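Following: one structure in structure tokens, then a few remarks.
Naming convention: chains lettered A, B, ... in sequence-line order (proteins, then strands); numbering from 1 in each chain. Worth saying up front: this structure is predicted, and the values here are computed from it rather than measured.
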Amino acid sequence: MRERFVTGFDPFVLPFLAGMIFVLCYCAFGIVRILAQLPREDRRRFLLSLITPATALKNIRDIFADCLLHVKLWRRNPLLGFMHSSIAFGWFMLIVLGHIEVMVYCPDRIRLFYYPIFFNYFVAAGESTIGGAVLFFLMDFFLLLILVGIGLAIVKRIRSRIFGLRRTTRPSLTDRIGLYSLWAIFPLRLLAESFTAHISGGSFLTIPANWIFRQFLGNDLNMLPTWWAYSIALGVFLFVLPFSRYMHIPAEMMLIPMRNAGLRIRHPRKGFARLEVLSCPECGVCIDACPMSVKKANIKDCTVYLNRQLRRGNERRIEEISDKCLLCGKCEAVCQVGVEGPLLRMEQRASRRYGLSPDFSGIDLSKLQAPAASSQKVLYFSGCMTRLTPAISKSVCSVLSKAGVDYRWIDQDEGLCCGRPLQTAGRYEQARQLMRKNEELILSYGADTLILSCPICYKVFKDEYKLPGVRVVNYMEYFAELIAAGRLQIEKSDICYVYHDPCELGRGCGVYEGPRKLLGKAAGIAEAPANRAESICCGGSLGSLSLDFAQREEITLKSLQNLYDSRADAIATACPLCLNTFARYSDRPVRDMAEILDAAAR
Amino acid sequence: MIDFGFGLARSSAVELDKVDLSLYKELERLEPGIRKCIACGSCSATCTAGPWSGMSVRKLILNLQRGKDVSGMLSACMLCGKCSIVCPRGINTRQLILSLCRIYDNK
Amino acid sequence: MDNKKILIIGGGPAGLEAARQLLRLGWEPVIVEKTEQIGGHLSRWYKLFPDMMPASELLEQLTAGLEGAKVYLKTRVAYMNRLKDGYSIMLSNGTGIQCRAVLIASGFSLFDASKKEEYGYGVYDRVITNADLEAWFAGASDSRIPEHPRRIAFVHCVGSRDLKAGNSQCSKVCCMTAIKQAIEMKERFPDSGIWCFYMDLRLFGKKYEDFYINAQKDYGVHFVRGRVSEVSEAIDGSLVVKAEDTLAGTPVKLNADLLVLMAGMLCNADTATLARMVRSEVDSDGFLRSRDNIYRINESRRPGVFYAGACTGTKTIPETMAEARAAALDIHNYLCGND
Amino acid sequence: MIYQGKQKIWSEYQKGIPSDGWFYVRSCIRQNFFPASEKFFLGICRDTLGHDIYETKHHTTCGGIAYHSDAIPQETAMTIVARQFALMKEAGYKNLVTSCITSFGNYTEILETWREFPELETRIREKLWEATRREFDKPEYVAHASDLVYKFRNEIAERAAHRLVDVHTGRPLRIVEHIGCHYSKMFPHKGIGGAEYPCVLSGMVESWGGEVIDYPERRHCCGFGFRQYMVKANRGYSLSNTHKKFESMEPFRPDAIITNCPGCPYFLDRWQYVIAEQTGKTYGSNGFGIPVFTYEELAGLILGIDPWDLGLQIHQVAVEPLLDKMGVPYNPGTKYLGLNEKDIMRPGLPSALKCF
């Protein structure tokens, strides 16, 4: 190997060089800005984590697995996983191999960072070595890999259904420029390297191509223009990168260490939230996941579009999208980079100014509270919604009585809301006020167990309430314990139920298997195609502020269709809101777990 | 001015053609469903905050239509959403309350 | 086709009365009834407002003139084909019928009150519907009705005028039925207090207002303008009924020993299937669509297909009777070519 | 306003009013408020027009004020009224005419009550006998004095010295008529024209050349309301009611108000001063108020009686603007000279309402 040019320079590298410098500066500036936006303690925490060996190692592993190999995507959709990892990992390897070549053959040029990229232009093949042949083979291999990936990407763009995507994101203008320049980079590189292969050498891809081209071109005149084109494609891609979805490449590499450092969203737009938004690759997986997307008009309200509007700062749309969402959490569950769509929206809601705010400080608890009886150690809190589905509370009480539990139903007559609805509406401060009131009320009973039958309440009791000495437990968990302790006998019926995972209980609290085990004891059980973390919101969620009754119908029907597909006789759920919503449209019986267990309990 | 020990009392009659409906109109623009209210009282009866605070969406809507101040009522709403669920006319009452809280900012 | 057969789908008051009239006009009506007895909801009702005529008496009158009409019980229409000049029908019992005119008198279904979960029908011990109460009046035993109810609450508009229950229409007869039943209950339990919770009282027919006045004046029935929002069960099994008294502007609670839900009228689920068979249309309210709702309520948009009674909308019995006769005459004129 | 519609209603509410044979009972409070009115009722109807109207100094209050102020039960009022009937019987008269609207309402109400509950009448007969050894007959006709003036309105118009016309422009004067509540609101058939559109005063105004104003709050109470005024804590309501009426009639720019009740002219007149003091607002032109008259005063002016003899100087609101419009001559210098030129003293002038 020897260098062809003493200067080691040709003007065609300039587009790439300019693009690269621009991107590096932009990213450096971005990093500093995001770091500056972090609260002081978060910043400290993050910087510390970078030098902690365990987290540093985890960072590297996660970046490698998520950003290059797309392991999560492989699991979800192997074809998509292959497409993404072939491009990302292939490109990464090309860069790495380029550097190795430079280090091996002209180590003094390593400072010029265009050199590894355009290595084949600047060197001529000398004596062939095994090492060179292997390197050249690898270079061609990864280029081929990338080209296959690009081919798949083009197919996906034209027919996304082949990849199992019903709907995909509509790219913006900069996205298109980035996309087309990305598509152009690698075929151009193949051309450029092929034209140069008789000088610089090559492998199984470039040498035959070179031979074919030479058959009818016969000169080297088109060598330099293709290198120019290659460099320009790179330059264009790098220039639009910060303004397109491809920003997710650098952003995600930053997001992973920050998440590993335990940082959370603390501001609706700045710092960690900003990074999450930038990390969205706009892959559109959330579109199919979103229960609202059953209606075409709602597609633009999925998380991917929220992220896009947040980047653009389109306040009107941000507000619309934030208010519409059911907060079912499915987009977050399927997201490859872990964008917290529901939380981002709640933060937008919380950032609004209100002329009027509720004030609960004046609530006189003595009016709500019956005279305290110290004997009862078990409390039952049914929550507001359950008043509209009395079958649930009646069944819970019945089961508790059957098991001989001495309990007290603390909101049988009047009660306070748990605060979760206020929280989802972004009214954090008011929610906290209400929670403190409820805490005071509950602690005054001196009990040690609090049973909840509403997953909306359960979620917030579990996450936000401070109830020292009181175990907060979902009724199903408690019933399971009663059964295990032999205080409750369950008789199995021959009805086959499909269990619908309520959003707040499943994705919200991670409770998936407990209810299924219990249901399995009481009845036959079938699974819907979309279950557990993939369960489809019933459409009745309080998470959505602006969806009105009529707009929710289609969502409910879609969710029900998924349950019907299980071919079960009846539907089981464990949320008053799901029960209420399903019962309205369902063509088969809908029962709460409490009802089923009460019927089965002896 | 002579102090007679008594004075003119303001009429309690609402002059429907003269009341200031700007607040209602603004809310109506945001939540056109408000027009569908038939004052059945389901929302008020089911209201978690109602029994101890006097919160009533029905009264809220009527009072707005009569140009009266409703800010006092709103201060007890816990946004629990039961009123939205029971409304026979499908009015999105919860969003209505939130929107109203926001409009008050501009007044 | 020269046979004199006319298919009547539904053996309720509308179908029976139309059959009776068609017989008199010299036709051969064939009644297809899906249940095991004729009479429809009427056969399960006790007394009819406003004259408090026993439902059985009306049913006797309706069936008296039916000799000569073919009645298939426990039978449905399996399929129906349009011929050049009429219809070819296959019944579920295997009978085939060819006729030139079909009268749909498939009536209504009562709203399933358990769908209004907050009222606890099927969950609480003391919650019944208007139909349950009629059955009890007629002599059936019902353990949900206590021996000495102190207070009885009637809830109007259960499954009517309620988007959430899937029926935004007024069922028209429930206000009057509630008042009728309130009076009947007061006669049986003179010491009990009776409370009607209504959204709007819609008492439009002959003598209806008199009934209302009597209920207030002579029976002391209490009327509260407010829709019941939720019901819970007290420790003794009595019910705590919550509503807002919208006229007084205050939330109210009533401890009742019996809750009667005035379930509304919905179009029969089968009716849509029938409509599809004759390529007739279902209206936005879920009932069948007439040619118009003023002059040709009995006519469908398909030649030879006629309607009578509650399949086109909520109807009182007098209205149904009038429609059945009108439909019979329409069919007669259609078949005789008097247009 | 469809005039024919009102005429149709008037035709349905007519009552028989004989021209003669009347037993006259006076009002308790009018003799203080509008002392000349009753005098000129008798002067005009009996002396000028020559109708038979009799009065006795022995009659008392009818008890109406006490009854409407919840001070006495109806039985007491009935016994008082029974005594008046007895006096009438003793004087040989069969028809009763009252000066006061509340009396008229009270007599009517009592007669109607007796008609419904004859046993009550029997009891009152016994009570009256026990207390006074008198017996009574129920009157054949009960009329209010304004009914009589209404009946004689055309006779008065024939003798008119002035008409309700602006002598400078020839324009009919715009007159607000205000009927006392107890005239026909309780028993519409007992009043001329009924309760909604009584024509007892409007008939006078029309036949005397004026134009009746029909303003939105025409039916509303003058504001007296017995308890509303008499209990000081409620007096604001009384004032507010009057205020409401003036606000409502203001756009019609009335020239005068004619009333047929003892309380109404008093409150419509005096409250104009209080409203002016409290709000600075006056309802007539140039800072004056709207002059308020009893029907007798207006009849007197029409017949050419001297305004000061009619007692118009007692009014709070200056009457001079109206006198000027009607072309009634008056001597400002003698305004505050009473009987036998006795100085009755010029009152202090209010700050907001313009007076002479």
Side-chain angles (χ1 to χ4, degrees), chain B residues 12-14 31-97, chain C residues 111 113 115-120 153 155-171 174-175 195-202 223-232 239-256 259 261-264 266:
Chain B
S12 62
V14 174
E31 287 299 318
I34 192 172
R35 295 186 203 134
K36 296 188 290 184
C37 178
I38 47 172
C40 70
S42 305
C43 46
S44 320
T46 203
C47 181
T48 308
W52 44 268
S53 71
M55 169 70 189
S56 160
V57 180
R58 177 189 67 82
K59 276 191 208 168
L60 190 100
I61 294 175
L62 279 174
N63 281 352
L64 282 173
Q65 286 172 341
R66 306 290 174 259
K68 291 184 185 167
D69 181 58
V70 293
S71 54
M73 231 182 250
L74 287 166
S75 68
C77 173
M78 302 190 260
L79 285 181
C80 74
K82 272 170 85 188
C83 47
S84 304
I85 290 176
V86 298
C87 178
R89 284 285 179 100
I91 304 172
N92 196 356
T93 50
R94 187 160 168 261
Q95 173 75 339
L96 190 136
I97 293 165
Chain C
F111 175 77
K115 288 207 161 191
K116 289 297 287 178
E117 293 167 340
E118 58 264 46
Y119 297 154
V155 183
H156 292 227
C157 301
V158 176
S160 307
R161 301 181 69 199
D162 186 350
L163 212 59
K164 304 288 170 67
N167 178 26
S168 54
Q169 306 299 315
C170 169
S171 291
C174 333
C175 279
W195 302 77
C196 287
F197 292 89
Y198 67 94
M199 288 205 275
D200 293 299
L201 280 179
R202 299 188 164 181
F223 289 90
V224 180
R225 193 199 174 278
R227 185 164 167 266
V228 170
S229 68
E230 57 198 55
V231 177
S232 38
L239 301 159
V240 181
V241 181
K242 275 197 198 175
E244 190 202 18
D245 183 336
T246 58
L247 300 180
T250 139
V252 292
K253 277 185 192 178
L254 176 76
N255 193 280
L259 188 71
L261 305 179
M262 306 312 295
L266 304 178

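- Both the backbone and the side chain of B:Cys87 come within less than 4.5 Å of a heavy atom in chain C.
- Using a 4.5 Å cut-off between heavy atoms, B:Ile85 touches chain C through its backbone atoms (N, CA, C, O) alone.
- In terms of non-hydrogen atom pairs under 4.5 Å with chain B, the most contact-rich of C:Gly249, C:Gly226, C:Cys157 is C:Gly249.
- Applying the salt bridge (charged side-chain N to carboxylate O under 4.0 Å, His left out) test to every pair with at least one member in residues 41-51 of chain B, sequence neighbours left out, gives no pairs at all.
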Between these two chains, chain B and chain C, I want each donor-acceptor atom pair under 3.5 angstrom written on its own line with its distance.
residue: B:Ile38; atom: O; partner: C:Arg225; partner atom: NH2; Å: 3.0
residue: B:Ala39; atom: O; partner: C:Arg225; partner atom: NH1; Å: 2.5
residue: B:Ala39; atom: O; partner: C:Arg225; partner atom: NH2; Å: 3.3
residue: B:Cys40; atom: O; partner: C:Arg227; partner atom: N; Å: 2.9
residue: B:Ser42; atom: OG; partner: C:Arg227; partner atom: NH1; Å: 2.5
residue: B:Ser44; atom: OG; partner: C:Glu244; partner atom: OE1; Å: 3.1
residue: B:Thr46; atom: N; partner: C:Ser229; partner atom: OG; Å: 3.4
residue: B:Thr46; atom: OG1; partner: C:Glu230; partner atom: OE1; Å: 2.6
residue: B:Arg58; atom: NE; partner: C:Glu244; partner atom: OE1; Å: 2.6
residue: B:Arg58; atom: NE; partner: C:Glu244; partner atom: OE2; Å: 3.4
residue: B:Arg58; atom: NH1; partner: C:Thr246; partner atom: O; Å: 3.4
residue: B:Arg58; atom: NH2; partner: C:Glu244; partner atom: OE2; Å: 2.9
residue: B:Arg58; atom: NH2; partner: C:Thr246; partner atom: O; Å: 3.3
residue: B:Lys59; atom: NZ; partner: C:Gly249; partner atom: O; Å: 2.6
residue: B:Lys82; atom: NZ; partner: C:Glu230; partner atom: OE1; Å: 3.1
residue: B:Ser84; atom: O; partner: C:Lys164; partner atom: NZ; Å: 2.4
residue: B:Ile85; atom: O; partner: C:Lys164; partner atom: NZ; Å: 3.1
residue: B:Val86; atom: O; partner: C:Arg227; partner atom: NH1; Å: 3.1
residue: B:Cys87; atom: O; partner: C:Lys164; partner atom: NZ; Å: 3.1
residue: B:Pro88; atom: O; partner: C:Leu163; partner atom: N; Å: 2.7

